[in-house]
Visitor: 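What follows is a structure written as structure tokens; I'll ask about it next.
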Amino acid sequence: MIAALAFYVFAAILLVSAGMVVSARNPVHSVLFLILAFFNAAALFLLAGAEFLAMILVIVYVGAVAVLFLFVVMMLDINFAQLREGFQRYLPVGATIGVVLLAELVVVLGGWRFAPEATSLRFAPTQAGLHNTAQLGRLIYTDYILLFQASGLILLVAMIGAIVLTLRDKGASRRQSIARQVARGPADTLVMVDVRSGAGVGEIGILRPLVDEPEPAGDAHAGHDHAGHGHGGHH
Amino acid sequence: MHAFLQTPLGVVILTLAEALALLVPLLMGVAYLTYAERKVLAAIQMRRGPNVVGPFGLFQPFADAIKMVMKETIIPTGANRLLFLMAPMLTFALAMIAWAVIPVNDGWAIANINVGVLYLFAISSLGVYGVIIAGWASNSKYAFLGALRSAAQMVSYEVSMGFIMVTVLICVGSLNLNDIVMAQRTVWFCVPLFPMFIMFFISTLAETNRSPFDLPEGESEIVAGFFVEYSAMSFALFFLGEYANMILMSAMTTILFLGGWLAPFGLEPFTWIPGPIWFIAKVMVVLFGFLWVRATFPRYRYDQLMRLGWKVFLPLSLGYLVLVAGVLLVMGWLPHVA
């Protein structure tokens, strides 16, 4: 009884928040309702006994994907007047497409029945005595390992593609080399000199910088002309 | 009495009593963690710390609590009222509900669920919402900048934390927190997985926005970051949530690496002390680490923080995961999956 009650509560909140995602005026509120919808879907998974899927839904969608959504939506500069104008212009077309889709769904789902022998014909029958995390693991990593690896590779290619498309390094950015900083000791940077009082350091042939930092391979020749580096470099 | 506890009403009452038995000591712990932090920082910096209210300043947390309650809650005019008030409650509630699965002794968890580690990971990954909603709803630049920093930081360090947890899980063969502790009866995981233990500790510092990774609230650049606009109780909830999260992360470190409630090496004089005391003692040691780090290290620069997370921790934890999995497979030490 309690499980049924919980199911209806979660399902109702899920549907209402899913509706609010498209109808909320403020896009940030939309994303927050989307997160609420994810949560209730996770709760429904839990009620169905699929605790692994429930947790993964929360970790992946709520904990990572929706954070990035929220991130982007908060930064967007949205012109609401322009949005409404578009809404009225596209309303007839959108409504027509929506009605067609709805009619198709009704036709398909109206005639949908579970085949009586469906349970025995399942592609991956569940084994008794294993909890669902272990079952999923066995299925993905043992039976379908090649398909799983292939999908991983596809995602990797997509990720590299996205990075290549957005990377705009014109070679002007400065990088910190922590290994070089740590390896540098006082002997590399400090020179002790006796300076006659009132004379300054120019008299004994020292201009800034005192000693050039050991540059990476390509710049090795630059260390010889001290006078040309009088502006202090990039320390 | 036993029969009554089997009825639905009995189960509800029992669960509520269990939750109270956990939350009341936890909140006391949070209150005294703030006191301990001030005392430890003071000792490290050769000051006295709070010493006026009560003996050794022991009533200082209560004085602070009363002050917070008496103050006026100010809501900025441009703020989104509902979300502005929801954010601190969310932070606080998330820090509390994660404790439902933490076992303080063999089987002493409110919910001993099969996917305990995933539950903890899910809840800790939600913590970022309190911060990001607070930053946005405040309608203030500093708060928003703090929220953006925090979101990027918490998402980055979660990745390597996930890999570290998977390494532990491979050695255990179960996602149940009770099983994880029981798998450490022979040796605590901080010994064979020592580099992971250190990386996990550093990641928890970043995950809880603690120094030296406290850029979201960097007071020298963005005043106080995401909670700039908060006052009185709404601020206190953030504060309590942050400290409860610190205790939670210490408890996670204890369970994953320091053998939970187990006595060291299972030796005779140590085993006389009951498990929960060992658990609390270990949590306190890790918490002292948090305070010690705060007193010792300067704040990281933002690009260094990102570099550490993505270029150092991620490859290292992934590599160690592959190494551990390979060693277990080759030596035939993989735990038998039930």
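Protein chains get the first letters and strands the later ones, always in sequence-line order, with residue 1 at the start of each.
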Visitor: Do B:Val155 and A:Phe71 have side-chain heavy atoms sitting under 4.5 Å apart?
Guide: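 Of all side-chain heavy-atom pairs linking A:Phe71 with B:Val155, none is under 4.5 Å.
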Visitor: Work out which heavy atom in A:Ile178 is nearest to a heavy atom in B:Arg307; give both atom names and the distance.
Guide: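 Heavy atoms of A:Ile178 and B:Arg307 come nearest at CD1-NH1, 3.1 Å.
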Visitor: One pair to check against side-chain contact (heavy atoms from CB on, under 4.5 Å): A:Glu51 and B:Ile113. What are the steps and the verdict?
Guide: CA-CA 9 Å; A:Glu51 70 258 17; B:Ile113 58 175; over 6 Å; no
Visitor: Are more than 12 heavy atoms, taken from residues, nucleotides or ligands other than A:Phe38, located less than 6.0 Å from that residue's CZ atom?
Guide: yes
Visitor: Using non-hydrogen atoms and a 4.5 Å limit, figure out which bit of B:Leu126 sits close to chain A: side chain, backbone, both or neither.
Guide: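 Just the side chain, heavy atoms under 4.5 Å.
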Visitor: Taking all non-hydrogen atoms of both residues into account, name the closest pair between A:Val28 and B:Trp136 and its distance.
Guide: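 In this case the closest contact between A:Val28 and B:Trp136 is CG2-CZ2, 3.4 Å.
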Visitor: Measuring heavy-atom distances to chain A, does B:Leu83 have an atom under 4.5 Å in its side chain, in its backbone, in both, or in neither?
Guide: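 When you check distances to chain A, only side chain atoms of B:Leu83 fall under 4.5 Å.
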Visitor: Check whether any side-chain heavy atom of A:Val58 sits under 4.5 Å from a side-chain heavy atom of B:Phe121, and report yes or no.
Guide: no
Visitor: Between A:Ala66 and chain B, with a heavy-atom cut-off of 4.5 Å, which part of the residue counts as in contact: side chain, backbone, both or neither?
Guide: both
Visitor: Would you say the side chain of A:Met74 lies within less than 4.5 Å of the side chain of B:Leu148, judging by non-hydrogen atoms?
Guide: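 No, every pair of side-chain atoms sits at 4.5 Å or beyond.
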Visitor: Under a 4.5 Å heavy-atom cut-off, does chain A meet the side chain of B:Leu175, its backbone, both or neither?
Guide: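 Answer is side chain: those atoms of B:Leu175 sit under 4.5 Å from chain A.
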Visitor: Test side-chain contact (heavy atoms from CB on, under 4.5 Å) on B:Glu158 and A:Ile59 and set out the steps.
Guide: CA-CA 10 Å; B:Glu158 238 156 52; A:Ile59 292 172; over 6 Å; no
Visitor: I would like to know whether B:Asn114 and A:Phe52 meet side-chain contact (heavy atoms from CB on, under 4.5 Å); could you show each step before the answer?
Guide: CA-CA 9 Å; B:Asn114 274 334; A:Phe52 182 77; over 6 Å; no
Visitor: Given that the side chain runs from C-beta out, which part of A:Val60 has a heavy atom under 4.5 Å from chain B: side chain, backbone, both or neither?
Guide: neither
Visitor: So which atom in A:Gly63 and which in B:Ser125 form the shortest heavy-atom distance, rounded to 0.1 Å?
Guide: CA-OG, 3.8 Å
Visitor: Heavy-atom pairs under 4.5 Å with chain B: which of A:Ile56, A:Leu57, A:Ile35 has the most?
Guide: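 Heavy-atom pair counts peak at A:Ile35.
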Visitor: Is the shortest heavy-atom distance from the side chain of B:Val117 to the side chain of A:Met55 under 4.5 Å?
Guide: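 In short, these two side chains do not touch, never coming nearer than 4.5 Å.
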Visitor: Side chain from CB out, backbone as N, CA, C, O: work out which of these in A:Leu32 comes under 4.5 Å of a heavy atom of chain B, or both, or neither.
Guide: side chain
